[in-house]
Protein chains: 2
Amino acid sequence: MAKNIQSLERAAAMLRLLAGGERRLGLSDIASALGLAKATAHGILRTLQHEGFVEQDPGSGRYQLGAELLRLGTTYLDVHELRARALVWTDDLARSSGEAVYLGVLHQHGVLIVHHVFRPDDSRQVLEVGAMQPLHSTALGKVLAATDPVAHAELVDAKREPFTSRTISDLDDVERILELTRAQGYAVDNEETLDGVASVAAPIYDRRRMAVGSVGITGAVERVCRDGELRAELIAAVRDTARSVSRDLGAKPF
Amino acid sequence: MAKNIQSLERAAAMLRLLAGGERRLGLSDIASALGLAKATAHGILRTLQHEGFVEQDPGSGRYQLGAELLRLGTTYLDVHELRARALVWTDDLARSSGEAVYLGVLHQHGVLIVHHVFRPDDSRQVLEVGAMQPLHSTALGKVLAATDPVAHAELVDAKREPFTSRTISDLDDVERILELTRAQGYAVDNEETLDGVASVAAPIYDRRRMAVGSVGITGAVERVCRDGELRAELIAAVRDTARSVSRDLGAKPF
DNA sequence: TTGCCACGTTCGACAATGCTAAACGCCATC
DNA sequence: GATGGCGTTTAGCATTGTCGAACGTGGCAA
């Protein structure tokens, strides 16, 4: 593999460090965390600040992420073809199912939410676009791991942290679930990520029949489940939506 | 001014170029647009791709923005203190006014929307968080230009493009409006940005009495105006919200 | 108040680093 | 099957970013 640009890698590591730490970080913290000389870290931070990728608190001198990232991140959504095609169908799915709809793509070691339609009631909900979900416990993640080889490799390598008592962590168990997912064309998360919350998701394919994302709904078990299983009509609605989006992307339905 | 890191500046320019162009760009396009050798551009792009900031279309080889930007941009929102404090109050404002609420901060030459509450009806609306608005024609922008010296300087230097027949472009006229804005503590956009759309906004101050953002509502003139002027109760509601957020940030109310 | 420490910042010299130009392999097109 | 354009790789040079140390400043404690 050809070598990458050192200063850029360091800058990216800084941005990720700032994104991870809850609070603003000082120059010394950043320099020591990355094993750099203070002057080196400062040079990178100064440039990042000048470009708007980080901001510096005038009082404390500490650094945090900058507004330009928000602007560019939003632009990413605008360009995202899968998201654009899915917009129409996800609204209908939210209306017909009465639940929140999520659209996710593989990113690094998890599922990045690129679209989120609120559950159609008047409750207060927070937008989760841009958030990450784990591959092994969520319906969106299982679908990706079952249909995308890259996602599958990520899942195997990942830690598979148990979130609830029902989280499936053992690799053999996970592989069996993925086999089932491939066979039936959808995946379920029955209180494996959050207690009391279940979800269903189905894969979206592009014109080359490659999985490019997954779409699903999430809701309280009391609403989306019956007798401990996800309601069949919700599964059908999710799969219909996934098929519609896939067709919009150019995938042949047969 | 100390010199910034060249490769980082070039990388940032590439990201902005990719954000500006509607479609994916090829390596040659990028290299020539920035005046770089192809190999130089390729090295930067390869690193950006490895870090997730750009993605390459496998078929065409063209480049586009990457998902990591969305993740980091969303994290910026999570850390944003002004936005966090404003969350509670903007919901109430949307409910009491019946209109969409926007929260903006100065970024580069315009207003960056960091929060957006949909108009509380069941109509389909697109989230505008991360989008930019001009300083000279919008209520959010006028408020910032009137209260933040940096924003004012940006407004003076900007082109002040006319969007509708009512857009105020002449600098003297703008300055008069800003004077009025300072005097009355709020600004209005009466079909100056979009035909048929009007808005009101008021400034938000931090504990040092510095303007850090503006909050306002936007809606169809038929609803938010009466006799060609913005309804007084809406102005009062917006100003109340701005004061509440300011107080939350530590600003003394007197 | 005074001393001290820790912080962000600047400086200057070195060599490692990233840049340039040219050549390569690939694919689509004619 | 030649051709042009594309993204990619290579090799060598000097520009560029890095480093260690010194500077200035602010806050804290004695």
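Here is the naming used below: chain letters follow the sequence lines, and residue numbers restart at 1 for every chain. No experiment lies behind these values; they were computed from the predicted model shown.
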Looking just at side-chain N and O atoms, do [X] and [Y] make a donor-acceptor pair shorter than 3.5 Å?
X	Y	value
B:S60	B:D57	yes
A:E128	A:H116	no
A:T193	A:T138	no

Less than 4.0 angstrom between a side-chain N/O of [X] and OP1 or OP2 of [N], yes or no?
X	N	answer
B:R24	D:dG7	no
B:Y63	D:dC6	no
B:H42	D:dT8	yes
A:Q49	C:dT9	no
A:Q56	C:dT9	yes
A:R46	C:dG8	no
A:S28	C:dG8	yes

Close side-chain approach of B:L34 and B:R10, heavy atoms under 4.5 Å:
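No, side chains not in contact.
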Can you name the nearest heavy-atom pair linking A:S214 to A:V143, along with the distance?
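That would be CB-CG1, 3.7 Å.
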Span that lies between the P atom of C:dG12 and that of C:dA16, in whole angstrom
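Looking at atom P only, C:dA16 and C:dG12 are 23 Å apart.
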Does the gap between the ring centers of B:F163 and B:H136 come in under 6.0 Å?
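Between B:H136 and B:F163, which both carry aromatic rings, the centre distance is below 6.0 Å.
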Interatomic distance where [atom1] belongs to [X] and [atom2] belongs to [N] [whole Å]:
X	N	atom1	atom2	result
A:R10	C:dG18	CZ	C1'	13 Å
B:R62	C:dA28	CZ	P	13 Å
B:I44	D:dG17	CD1	P	10 Å
A:L27	D:dG26	CG	P	17 Å
A:N4	C:dC19	CG	C1'	15 Å
B:I5	D:dT15	CD1	C1'	14 Å
B:I30	D:dC6	CD1	C1'	13 Å

Does anything in residues 32-40 of chain B come within less than 4.0 Å of DNA chain D? Heavy atoms only, and list the residues if so.
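Close to the strand are B:K38, B:A39.
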What distance separates A:Q64 CD from A:Q49 CD, expressed to the nearest 0.5 Å?
10.5 Å
